Amino acid sequence: MTSTDDFAVRVQSLSRSFRGTHALIDVSLQIPRGSVFGLVGLNGAGKTTLIQHLIGSMKALHGTVNVLGQDPTIRPEKLLARIGYMTEEDSLPKWMRIRDLISFCRTVYPTWSDSYATQLCDMFGLSTTAKLKSLSKGGRARVALLAAIAHRPELLILDEPSSGLDPIARADILEAIIRTVADEGRTVLFSSHLLEEIDRVCDHIALLHDGVLLESIPAATLPERYTECFYRTETASSRPPEIPGSFGGAGDTSEWSVLIDVENASSRPTVPSIESDGARWELVNQQPATVHRWFAGRVQRKPATTSSTSAEGMQHV
Ligand SMILES: Nc1ncnc2c1ncn2[C@@H]1O[C@H](COP(=O)(O)OP(=O)(O)OP(=O)(O)O)[C@@H](O)[C@H]1O
């Protein structure tokens with residue numbers, strides 16, 4: 001196997017602007033084959049723009065994009081036959097019945113499997129005679145998922161697939177699908193606001209922020225790499241203690257936590273007590289960073305105190 005074969009997706013120095021808005025800035029990333037790759041970022045981070053380049057809807061004007069060994073904009077039909085794609089947009093033709101859509105997909109995808117489609121209909125509780133317009137949003141999302149995977153794509157791209165699905169569908173169906181695809185050695189790119197889902201199913205996480213790829217990291221190494229350190233001071237402070245290499249300060253007055261990259265030896269919290277801004281700070285606790293805390297720290301957002309677990313309202317744990 002050549003090194004090119006090790007990656008389903010290679011993006012090199014990709015930039016994209018829309019009339020002055022920098023949607024992607026010099027993004028380079030590689031998605032290993034067989035991985036479940038999570039793409040996270042706040043609204044407007046550039047996730048969809050990146051995905052549009054991968055499926056050939058947008059041509060790379062600056063930088064290069066290679067998907068399953070080819071430029072997605074050259075012979076796109078060849079590539080699209082090998083990809084499954086599902087977006088949050090409810091774009092299925094509503095006048096069709098499910099069986100019509102299945103017939104259509106059969107003509108488009110040489111590897112379409114009727115038996116797998118039937119199996120998925122049973123699993124999703126879908127009747128093939130049902131008209132798409134008669135289904136709920138969640139029902140149509142299930143049909144979209146079926147249409148994206150029944151040809152057993154080499155690369156499954158899910159752009160915010162959860163928005164139309166209820167919690168049971170999200171937890172059971174989506175997770176089962178993603179794991180099945182990955183277990184078959186296929187690759188999944190999963191873009192979501194729901195960090196909890198990303199954390200549960202992805203083995204690699206990439207964070208886009210304001211068009212910049214801030215980090216791309218194997219999920220298992222994240223808690224080993226980042227430690228959340230909690231500091232306390234007797235003197236009220238409007239900011240966290242200044243520790244070289246730390247980031248993502250969260251807290252108020254006398255208690256703050258910061259994230260430390262433990263791979264950066266100079267920032268390792270070896271001392272239980274430090275002096276900063278004329279105040280003495282005691283290290284009162286430290287723990288591996290959660291995905292939520294890492295995300296909040298990276299995008300410099302103060303973690304919310306609500307129970308929401310989306311990227312817009314992260315829990316401080
Ligand atoms: N066709 C377009 N014309 C103008 N601006 C665009 C266009 N497409 C995207 N943008 C802008 O580019 C930036 C990135 O948008 P994009 O949709 O890629 O982000 P996203 O991470 O997918 O956001 P969300 O999570 O809200 O879907 C945003 O500022 C958006 O307004």
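None of the values given here were measured: they were computed from a predicted structure.
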message = Test side-chain contact (heavy atoms from CB on, under 4.5 Å) on Ile177 and Leu120; report intermediate values, then the result.
response = CA-CA 10 Å; Ile177 294 302; Leu120 289 165; 3.9 Å; yes
query = Which is it for Trp281 and Ile243 under the side-chain contact (heavy atoms from CB on, under 4.5 Å) test, yes or no, and what are the steps along the way?
reply = CA-CA 11 Å; Trp281 295 82; Ile243 299 168; over 6 Å; no
query = So Arg33 and Leu68, side-chain contact (heavy atoms from CB on, under 4.5 Å) or not? Walk me through it.
reply = CA-CA 9 Å; Arg33 279 188 195 259; Leu68 301 177; 3.8 Å; yes
key: Test log, rule side-chain contact (heavy atoms from CB on, under 4.5 Å), inputs Arg170 and Leu194   = CA-CA 10 Å; Arg170 285 210 300 266; Leu194 301 170; 3.8 Å; yes
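Within a 6.0 Å sphere centred on CZ of Arg232, heavy atoms belonging to other residues, nucleotides or ligands number 12 at most. No more than 12 heavy-atom neighbours from other residues, nucleotides or ligands sit within 6.0 angstrom of CZ on Arg239. Around atom CD of Glu184, more than 12 heavy atoms belonging to other residues, nucleotides or ligands sit under 6.0 Å away. Around the NZ atom of Lys94, the shell of radius 6.0 Å holds more than 12 heavy atoms that belong to other residues, nucleotides or ligands.
For the pair Thr187 and Ser35, the minimum side-chain heavy-atom distance is below 4.5 Å. Within the 4.5 Å cutoff, no side-chain heavy atoms of Asp199 are placed close to those of Thr290. Counting heavy atoms from C-beta on, the side chains of Pro161 and Leu174 come closer than 4.5 Å. Within the 4.5 Å cutoff, no side-chain heavy atoms of Phe295 are placed close to those of Ile205. Inter-residue side-chain proximity for Arg75 and Leu79 is flagged as unmet; no heavy-atom pair is nearer than 4.5 Å. Using a 4.5 Å heavy-atom threshold, the side chains of Leu189 and Tyr85 count as separate. Asn43 places a side-chain heavy atom less than 4.5 Å from the side chain of His193. Side chains of Arg97 and Asp100 form a contact here, defined as non-hydrogen atoms less than 4.5 Å apart.
Inspection of the Gln286 and Thr227 side chains reveals no N or O donor paired with an N or O acceptor under 3.5 Å. Neither side chain, Arg152 nor Ser113, offers a donor N or O lying under 3.5 Å from an acceptor on the other. Checking His62 against Asp26 by side-chain atom types alone, no donor-acceptor pair falls below 3.5 Å.
From Ile178, atom CD1 reaches atom CG of Asp183 across 11.5 Å, with rounding to the nearest 0.5 Å. Atom CD1 of Ile25 is separated from atom CG of Leu14 by 11.0 Å, given to the nearest 0.5 angstrom. Rounded to the nearest 0.5 angstrom, Leu54 CG and Thr48 OG1 are separated by 11.0 Å. Interatomic distance, CG of Leu145 versus CG of Leu158, reported as 6.5 Å (0.5 Å rounding). Taking CG of Leu29 as the reference point, atom CZ of Arg10 lies at 11.0 Å (rounded to 0.5 Å). Taking CG of Asp159 as the reference point, atom NZ of Lys47 lies at 8.0 Å (rounded to 0.5 Å).
Hydrophobic clustering (ILVMFWY, side-chain heavy atoms < 4.5 Å, transitive): Val36 and Val67 are in distinct clusters. Placement of Val212 and Met58 in two distinct hydrophobic clusters is found when ILVMFWY residues are connected by side-chain heavy-atom separations under 4.5 Å, directly or transitively. If you chain together hydrophobic residues whose side chains sit under 4.5 Å apart, Val65 and Leu50 fall into the same group. Side-chain heavy atoms closer than 4.5 Å link hydrophobic residues (I, L, V, M, F, W, Y) into clusters, and following such links, even through other members, never connects Ile31 to Phe7. Cluster annotation: Ile157 and Val40 are assigned to distinct hydrophobic clusters (Ile/Leu/Val/Met/Phe/Trp/Tyr, side-chain heavy-atom contacts under 4.5 Å, transitive).
Using a distance-only test at 3.5 Å, with no hydrogens or angles considered, a donor-acceptor pair links the side chain of Trp256 to the main chain of Ser237. A distance-only check finds no donor-acceptor pair linking the side chain of Glu197 to the backbone of Val201 [under 3.5 Å]. A donor-acceptor pair under 3.5 Å is absent between the side-chain atoms of Arg99 and the main chain of Thr129, judged by distance alone. In terms of modelled atom types and a separation under 3.5 Å, the side chain of Ser17 and the main chain of Gly20 share no donor-acceptor contact. Judged by distance alone, the side chain of Arg293 and the main-chain N or O of Gly248 form a donor-acceptor pair under 3.5 Å. Under the 3.5 Å distance criterion, the side-chain polar atoms of Ser254 are left unmatched by any main-chain donor or acceptor of Glu234.
Listed by first and then second residue, the ring-ring contact (aromatic ring centres under 6.0 Å, His included) pairs involving residues 195-223 are Phe37-His204 (not counting sequence neighbours). Listed by first then second residue, pairs satisfying ring-ring contact (aromatic ring centres under 6.0 Å, His included) with a partner in residues 108-128 read Tyr109-His151, not counting sequence neighbours.
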Solution key, residues 219-226 side-chain donor-acceptor pairs under 3.5 Å, sequence neighbours excluded:
residue	atom	partner	partner atom	Å
Thr221	OG1	Pro218	O	2.8
Arg225	NE	Asp261	OD1	2.9
Arg225	NE	Asp261	OD2	3.4
Arg225	NH2	Asp261	OD2	2.8
Tyr226	OH	Glu215	OE1	3.1
Tyr226	OH	Glu215	OE2	2.5
Tyr226	OH	Arg298	NH2	3.0

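Gly46 and Leu24 get closest at one heavy-atom pair: O-CD2, 3.5 Å. When all heavy atoms of Leu146 and Cys121 are compared, the closest pair comes out as CD1-SG, 3.6 Å. Gly211 and Val27 get closest at one heavy-atom pair: O-CG2, 3.4 Å. Taking all atoms of both residues into account, the shortest heavy-atom contact from Ile102 to Ala117 is CD1-CB, 4.4 Å. Contact between Ala147 and Leu101 at its shortest, heavy atoms only, is CB-CD2, 4.3 Å. Of all heavy-atom pairs between Ser28 and Leu213, the closest is O-CD2, 3.2 Å.
With Leu39 as the fixed residue, the side chain to side chain contact (heavy atoms under 4.5 Å, CB included) test singles out one of Ser216, Ser192, Ser191: Ser191.
A salt bridge does not link Arg186 to Glu154: none of the charged side-chain nitrogens sits closer than 4.0 Å to a carboxylate oxygen.
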